[in-house]
Each structure stands twice: as structure tokens, then as C-alpha cells.
Colleague: 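Could you have a look at this structure, given as C-alpha cells, before my questions?
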Amino acid sequence: MPVLTLRQLRERIRGAQKTKQITRTMQMVAASRLKKSEEKFRQAKPFAQKMEMILSHLQQFSEEFTHPFFESREVKSIGLVVVTSDRGLCGAYNGNVIARAEEFLAEHKAQSVKLMLIGKKGYDYFKKRDWPIHLNALDIAGKGDFQRISEITQQIIQAYLSGEVDAVYLIFTSYISALSVKPICVKFLNLQQEGEVKPIQTILEPSLPEILDQFLPQFVTSKMYISLMEAFTAENSARMIAMKTATDNAKEMIERLTLQRNKARQAAITKEILEIVTAGEALKA
């Protein structure tokens, strides 16, 4: 390894200090966004839980509880929704999601899988592969825009109801804590009927089919919204940790380079003193 001069060491220290300032700022921005997205995620959770409770109650009203969302089909085609970020600098966040998607695709080679991509990083990766892309949404940028998420969900619902896909799976990053996130795969459609049906004598107005036609699309949209909000929260967490790691690495580099600079400067001073002493001794002789 070549020995760096004092000038080169000073330039590298200045560069590392600038990098540290940038990554530190980005860490603080990510921490602020994490707080906001986590708050939205926590606020949305009770609503999603209430929707699940209502659906559970509706399932008990009739033995003839039927709807296309609950229809059991022979799965010939699968829609795979993959949620990645639109921006980078978030560590292994996108790589882990893509790796989980690749595992899913490897497990379903015999079936036709159509990709439904949310996030630019996933699109940039899969557009170079052989899997067909049925849908791509690249303009969310980690924002909890309910209207935009509803539009995307409606496209997914339409693909399912029209028979283009017989099942839909969702791969996104689960937010466990600020220091722990994990990519998971869940079945999105069809919906699963839970528990045994115990009909309750209840008069519904309007009728159950009409209620389901109005309620279930909203239920599915709420599922997508809460999943995306969780993914966006995990993204901000991953970016905050990545920028903190980069800041710490820059700090360590500055310390190491400063030590090298001090040693090089001390060696130069010692060399100059020795030269002066040697010259003095030569003059005496």
C-alpha cells in the first residue's frame, strides 16, 4: 500500500468530514420521516383491526356467505405484488425484498406469475428479467397517499376479478422495531374465511350481498394501505440505520487518517531536526 503524503492525508480527511456531514444530515432527515410514518402506521392499525372485526361478524350472519373475493379457484396465474423503495441509500432494504421475491418466483416456476411492482428499485431490477410486469407504480415515494394507494389496489382487484390472476400475494417489509425489519410474503387475495360459520338470526339492511359489494373493496384497500404504511416505516428505519452506519464509518476513517497525519507530521519534524543536528555536527568538524 503506497504511503500517503501529508497533503494527500489532509485532502482525505476533508473529504471524509464532508461525507460525515452529509450522512449525518440524511440520518436526521430519515429519523424525522420515521417518526411521522410510524405515527401514521400506528394510527391506521386500529382502523384495519376494526375492519377485520366487522368482516368476522358478517361471516357469521349466513351459511351462504359468498363473494368473488372468497372464491376458491384453481390457481393457474399468480399476481405478485413486490413493495420496494423509490430511492436508495437504505442499506439492504431493497435487496432483501428482491431476494424474497426471487425465492417466491423460484418456488412457482410451473405457474404463470405476473409482477405488480410498487417502487422504482423493484422495477429497475425486474425489468431486466423474464417475468412479465403487469403493473408498476413508481410515484409513491414512501408517502401515505390513500387516494393513490386506493387506485393501485383497484387495479389489483380488477386483475383478480377479471380472472387475469387467480391469486395475489404481497411481499413487503414488516416493521418490528426501529432496529428490526424483515421482508415477509402474505396472501392478499383470495380472502380466507376464518372459523366455523354459526348463523345469527339478524336482519340486514341492505342485504348481505349488497353490504359485501360495498364493504369488501374497502376492506382490501385498507389491507393494502396498512401494509404499505408498514413498508414505508421500515424503509425509513433502514435508511436511518444505514446513514448512521455511514456516519460512524466516516468518523472512524477521520480518526484513523488523523492519526496517520499526526505520525507523518511528527516523522517530518523529526527528520528536519536530525538534518539540522547533522548539519551542525558537520560544521563543528
Colleague: Establish whether V97 and V113 are linked, either directly or via other cluster members, by ILVMFWY side-chain heavy-atom contacts under 4.5 Å.
Modeller: yes
Colleague: Under 4.0 Å between a side-chain nitrogen and a carboxylate oxygen: does that hold for R148 and D139?
Modeller: yes
Colleague: Would E230 and S174 count as having a side-chain donor-acceptor pair, cut-off 3.5 Å?
Modeller: yes
Colleague: Mind checking whether F69 and H67 have parallel, tilted or perpendicular rings, split at 30° and 60°?
Modeller: tilted
Colleague: Is there a side-chain contact between D145 and I140 (heavy atoms, below 4.5 Å)?
Modeller: no
Colleague: Mind running side chain to side chain contact (heavy atoms under 4.5 Å, CB included) on Q27 and T23 for me, showing each step along the way?
Modeller: CA-CA 6 Å; Q27 177 189 342; T23 55; over 6 Å; no
Colleague: Please report the interatomic distance CD1(I152) to OG1(T221), rounded to the nearest 0.5 Å.
Modeller: 11.0 Å
Colleague: Quick check: do M224 and V220 have side-chain heavy atoms less than 4.5 Å from each other?
Modeller: no
Colleague: Does any non-hydrogen side-chain atom of D166 lie less than 4.5 Å from one of E74?
Modeller: no
Colleague: Might you point out which heavy atoms bring S237 and L179 nearest each other, and give the distance in Å?
Modeller: OG-N, 4.3 Å
Colleague: Is the side chain of S222 donor-acceptor paired with the backbone N or O of F219 at a distance under 3.5 Å, no angle test?
Modeller: yes
Colleague: For L191 and L216, what are the C-alpha separation, side-chain angles and deciding distance, and is it a side chain to side chain contact (heavy atoms under 4.5 Å, CB included)?
Modeller: CA-CA 10 Å; L191 299 176; L216 288 178; 4.2 Å; yes
Colleague: Please check if the side chain of T245 supplies one atom and the backbone of I241 the other of a donor-acceptor pair under 3.5 Å.
Modeller: yes
Colleague: CZ/R265 to OG1/T270 distance, rounded to the nearest 0.5 angstrom?
Modeller: 12.0 Å
Colleague: If you take all heavy atoms of T258 and I254, which pair is closest and at what distance?
Modeller: OG1-O, 2.6 Å
Colleague: Compare every heavy atom of Y160 with every heavy atom of P68, then report the nearest pair and how far apart it is.
Modeller: O-OH, 3.3 Å
Colleague: Any donor and acceptor pair, going by atom type alone, linking the side chain of R239 with main-chain N or O of R87 inside 3.5 Å?
Modeller: yes
Colleague: Should F47 and L55 be regarded as members of a common hydrophobic cluster, given that ILVMFWY residues are connected when their side-chain heavy atoms come within less than 4.5 Å of each other, either directly or indirectly?
Modeller: yes
Colleague: For the NZ atom on K244, are there more than 12 heavy atoms of other groups (residues, nucleotides or ligands in this structure) within a distance under 6.0 Å?
Modeller: no
Colleague: Ignoring hydrogens, what is the shortest heavy-atom contact between I226 and A44? Give both atom names and the distance.
Modeller: CD1-CB, 3.5 Å
Colleague: Below 4.5 Å, heavy atoms only, C-beta onward: do K36 and F232 meet side chain to side chain?
Modeller: no
Colleague: Kindly determine whether D86 and K121 satisfy side chain to side chain contact (heavy atoms under 4.5 Å, CB included), including the steps that lead there.
Modeller: CA-CA 6 Å; D86 284 330; K121 295 300 179 180; over 6 Å; no
Colleague: When hydrophobic residues are tied together by side-chain contacts of less than 4.5 Å, even through go-betweens, does I184 share a cluster with I98?
Modeller: no
Colleague: Under 3.5 Å, side chain of N236 to main-chain N/O of A30, donor-acceptor pair present?
Modeller: no
Colleague: When hydrophobic residues are tied together by side-chain contacts of less than 4.5 Å, even through go-betweens, does L135 share a cluster with Y125?
Modeller: no
Colleague: When you measure from the side chain of N190 to the backbone of E71, do you find a donor-acceptor pair of N or O atoms at a distance under 3.5 Å?
Modeller: yes
Colleague: Under 3.5 Å, side chain of S227 to main-chain N/O of K223, donor-acceptor pair present?
Modeller: yes
Colleague: Is the distance between the ring centroids of Y169 and F188 under 6.0 Å?
Modeller: no
Colleague: Kindly indicate whether the side chain of L105, heavy atoms from C-beta on, has any atom under 4.5 Å from the side chain of L80.
Modeller: yes
Colleague: For residues M26 and M240: do they belong to one hydrophobic cluster (side chain heavy atoms under 4.5 Å, members Ile, Leu, Val, Met, Phe, Trp, Tyr)?
Modeller: no
Colleague: Taking the side chain as every heavy atom from C-beta outward, state whether Q266 and K263 have any atom pair closer than 4.5 Å.
Modeller: no
Colleague: Are any side-chain N or O atoms of T173 and backbone N or O atoms of V181, one a donor and one an acceptor, separated by less than 3.5 Å?
Modeller: no
Colleague: Please check this pair: side chain of S77 against backbone of V165, looking for a donor-acceptor N/O pair closer than 3.5 Å.
Modeller: no
Colleague: Could you label the plane-to-plane angle of the F41 and Y175 rings as parallel, tilted or perpendicular, counting under 30° as parallel and over 60° as perpendicular?
Modeller: perpendicular
Colleague: With rounding to the nearest 0.5 angstrom, report the CD to OG distance, Q218 to S150.
Modeller: 9.0 Å
Colleague: Taking only Lys NZ, Arg NE, NH1 and NH2, and the carboxylate oxygens of Asp or Glu, determine whether E39 and K35 approach each other closer than 4.0 Å.
Modeller: no
Colleague: Cation-pi check for F172 against R100: NZ or CZ below 6.0 Å from the six-membered ring centre and within 45 degrees of the axis, yes or no?
Modeller: no
Colleague: What pair of heavy atoms forms the shortest contact from R24 to T247, and how long is it?
Modeller: N-OG1, 3.3 Å
Colleague: May I ask you to test the L259-R256 pair for a side-chain heavy-atom distance under 4.5 Å?
Modeller: no
Colleague: Within the 4.5 Å heavy-atom criterion, are M116 and N136 side-chain neighbours or not?
Modeller: no
Colleague: Taking all heavy atoms of C90 and all of S85, pick out the closest pair and write down the distance.
Modeller: SG-OG, 3.9 Å
